[in-house]
Amino acid sequence: MFYLTILMIERVGFVIILAFLLVNIPAFRRLMSSDRWIDKVQLTIIFAIFAILANSTGIEIDPANRLHDKVFLTAISKDYSIVNARILTVSVAGIIGGPWVGGSVGLIAGLHRVMLGGMATESWFYVPSSVLIGLLSGYLYNDRRNPFAVMSPGHGFLVGLLMETIQMIFIFLFSPTGWTLVRYIALPMILINSIGTSVFLSIIGMFRRQEAETRAMQTHSVLELTKETLPYLRNGLNMQSARQAVRAIMNHTNFDAVSITDCQTILAHVGAGSDHHIPGKMMLTHLSEIVIESGRVHIAHNRDEIGCSHRDCPLEAAIVVPLRIKNKVVGTLKMYYTAAWCLTPVEIQLAEGLGEIFASQIALGQAEMQAKLVRDAEIKALQAQVNPHFFFNAINTISAMMRRDSEQARQLLLQLSTYFRANLIGARSTRITLAQEREHVNAYLTLEQTRFPDRFKVHFNNQVGDDVLLPPFTIQVLVENALKHAFGHRMHGNIVNIDLTAVDNRLQIKVKDNGEGIAPDVLGKLGHEPVHSEHGTGTALQNLNQRLIGLYDKRSQLNFATGKNGTTVTISIPLVTKGEP
């Protein structure tokens, strides 16, 4: 048994070396994170080859339990058995690719094992056992919602232990040598293959962590890129702003070419293919037309999918992201590679994130242009609520988070996008739903609480429906004002309560803090005129108060009650739900 264990370690080590070499290939890592059926088929073929190699490098055992160590098996002598790492490869195939990949690899591996034995009737049980093991391991596979997650080595060891045990049960029940064979091979096969499964997953996990680190670095680049492109795209989507944006993308990423289009023409293109992807000319790729029509992100893995009409185009892979403003596609952002294997989930997520940010920046620019053309002072005042200091503080917070938790940094980036989207909605609307206002407040709080952890707590007490309508920024302005001004330099025990109730067909909003109170000489000015302080000018409260009175009546204005135990700001506006006149 000791000699068998040594030989098993040698066979499993061979599989592990092949796994290490394979995981080094970016194209294989992309297959592991893809849900496309064609990629599943490719993954099945790769693991099936592994399983066949595991069968063919197995160790023959004769009916007397004597070992016959051959370099490569093309057939097994009558009544002989083999010890191999087949179940290891089937289990890992299921864990990585899911039940269909695991079951398919199990079927191929089982059939190949039967063929090695000359299609002997007594060896056919290897087919259902291998399929069952592939399916079971597939149902335990990694979280497909997070392509960077992978089963831990410890769990992999337990899965390998279970799958090898199932194989031993089949051998015990259906093999002619039954208990005699199981008693000899069970311990080394179960132990070594379980360890091999754990090591295989460790290798995959190591490369996944490297990809996560790469994603964190790219997220940091996105933040820098956002700062750099904001001044350009706020001027609208045109050839000049697009040219500056694509140059910035090329400086901060590893794409071989970057392009921005409107719905008909190329606005800017830098990198490979610049000789025929010429700004000002009509779009050349069929893929761009599909994205504009569908409004969805599309990924091309070869030249045919890109559909460039130029015969010698060097571009082999592409990510095309629609630039959407108010549910309307106004253009596309396209990132290209000249080698298809360079396209990984990291680059796909990066491209999608850039598309969202650029669309928000363009929309922000459009809103600002509209504000300049419209004489409505309320719209201008609302647009001014996009605080550049808050924006850059949030960017710096997310940048610092890269070093500790890249996933949280990604979530914060999404919250920042939510915050700016809410600002844009507010700049165009006089009333929004309570659900939209809460989303705006929650995005703001998430970013602020990350900057100042445990400094304050905010509680919502909502006794009305989420479809109740109120002016945009109503709660957000009051919460932001409380966090900035109510607590001074106090670092802990700061609480803000937000109460929403229906009183006599009116929506009553109370924002109460346990801060230091408001000075008497300041109290009378709040909501009526600017109040300068080290944290602001007070124009947000003045703007909010004017909007409330203008939209409703004098009863709807801000009411302040303050003392040593804190301040309460109360608003009472007509109770209207979405759909009512």
Which atom pair, heavy atoms only, marks the closest approach of Ile108 to Ala48? CD1-CB, 3.8 Å
Taking the side chain as everything from C-beta on, heavy atoms only, tell me whether Glu293 gets closer than 4.5 Å to Ile290. no
Is it true that, when you exclude Glu356 itself, more than 12 heavy atoms of the residues, nucleotides or ligands shown sit nearer than 6.0 Å to its CD? no
Checking side-chain contact (heavy atoms from CB on, under 4.5 Å) for the pair Gln415/Thr450: CA distance, chi angles, key distance, verdict? CA-CA 11 Å; Gln415 291 295 334; Thr450 303; over 6 Å; no
Could you check if a side-chain atom of Thr177 sits within less than 4.5 angstrom of a side-chain atom of Val182, using non-hydrogen atoms only? no
With Met163 as reference, evaluate Leu158, Leu136, Ile95 under the side-chain contact (heavy atoms from CB on, under 4.5 Å) test and give the passing residue. Leu136
Could you go through Val12 and Ile195, starting from their C-alpha distance and side-chain angles, then the distance that decides it, and tell me whether this counts as side-chain contact (heavy atoms from CB on, under 4.5 Å)? CA-CA 9 Å; Val12 170; Ile195 293 174; over 6 Å; no
On a heavy-atom basis, which atom in Ser81 and which in Arg113 lie closest, and how many Å separate them? CA-NH2, 4.1 Å
Which heavy atom of Ala339 sits nearest a heavy atom of Asp256, and at what distance? N-OD2, 4.3 Å
With heavy-atom distances below 4.5 Å as the criterion, would you say the side chains of Trp124 and Leu111 are in contact? yes
Would you say the side-chain atoms of Ser259 pair up with the backbone N or O of Ala268, donor to acceptor, closer than 3.5 Å? yes
Between Val90 and Ala109, the two heavy atoms sitting closest are CG2-CB, 4.0 Å
Quick one: closest heavy-atom pair of Thr5 and Pro188, and the distance? OG1-CB, 3.5 Å
Parallel, tilted or perpendicular: which fits the ring planes of His269 and His277, with parallel below 30° and perpendicular above 60°? parallel
Are any of the side-chain heavy atoms of Arg303 and Cys313 separated by less than 4.5 Å? no
Would you say the side chain of Thr197 lies within less than 4.5 Å of the side chain of Val159, judging by non-hydrogen atoms? no
Side chains of Lys40 and Ser104: closer than 4.5 Å at any heavy-atom pair? no
Among Gln167, Glu164, Arg11, which residue meets the side-chain hydrogen bond (donor to acceptor under 3.5 Å, both in side chains) test with Asn193? Glu164
Do Ser91 and Ile133 have side chains that get closer than 4.5 Å, going by heavy atoms? yes
Can you give me the closest heavy-atom contact between Ile260 and Ala245, atom names plus distance? CD1-CB, 4.0 Å
For the CZ atom on Phe20, are there more than 12 heavy atoms of other groups (residues, nucleotides or ligands in this structure) within a distance under 6.0 Å? no
Tell me whether the count of non-hydrogen atoms from other residues, nucleotides or ligands lying under 6.0 Å of CE in Met250 goes above 12. yes
Heavy-atom side-chain proximity of Leu287 to Lys334 below 4.5 angstrom: no
From Ile9 atom CD1 to Leu191 atom CG, the distance as rounded to the nearest 0.5 Å: 8.0 Å
Are Leu447 and Thr397 close enough, and set up right, to give a side-chain contact (heavy atoms from CB on, under 4.5 Å), and what steps lead you there? CA-CA 8 Å; Leu447 293 162; Thr397 298; over 6 Å; no
Under 3.5 Å: donor-acceptor pair, side chain of Ser194, backbone of Leu161: yes
Just by modelled atom types, is the Gly134 backbone N or O under 3.5 Å from a matching donor or acceptor in the Ser137 side chain? yes
CG-OG1 distance between Leu315 and Thr285, expressed to the nearest 0.5 angstrom: 9.0 Å
Leu323 side, atom CG; Cys263 side, atom SG - distance, nearest 0.5 Å: 9.0 Å
Measuring from atom CG of Leu43 to atom CH2 of Trp100, what distance do you get when rounded to the nearest 0.5 angstrom? 15.5 Å
Euclidean distance, Asn84 CG relative to Asn55 CG, rounded to 0.5 Å: 5.0 Å
Expected output: side-chain Ser399 to main-chain Ile395 donor-acceptor under 3.5 Å: no
Take Glu305 and Asn302, measure what side-chain contact (heavy atoms from CB on, under 4.5 Å) needs, and give me the verdict at the end. CA-CA 6 Å; Glu305 291 182 3; Asn302 54 60; 3.3 Å; yes
Separation between CD1 of Ile398 and CG of Leu414, rounded to the nearest 0.5 Å: 9.0 Å
With a sphere of 6.0 Å drawn around NE2 of His298, does it hold more than 12 non-hydrogen atoms of other residues, nucleotides or ligands? yes
Can you say whether the rings of Tyr337 and Phe255 are parallel (under 30°), tilted (30 to 60°) or perpendicular (over 60°)? tilted
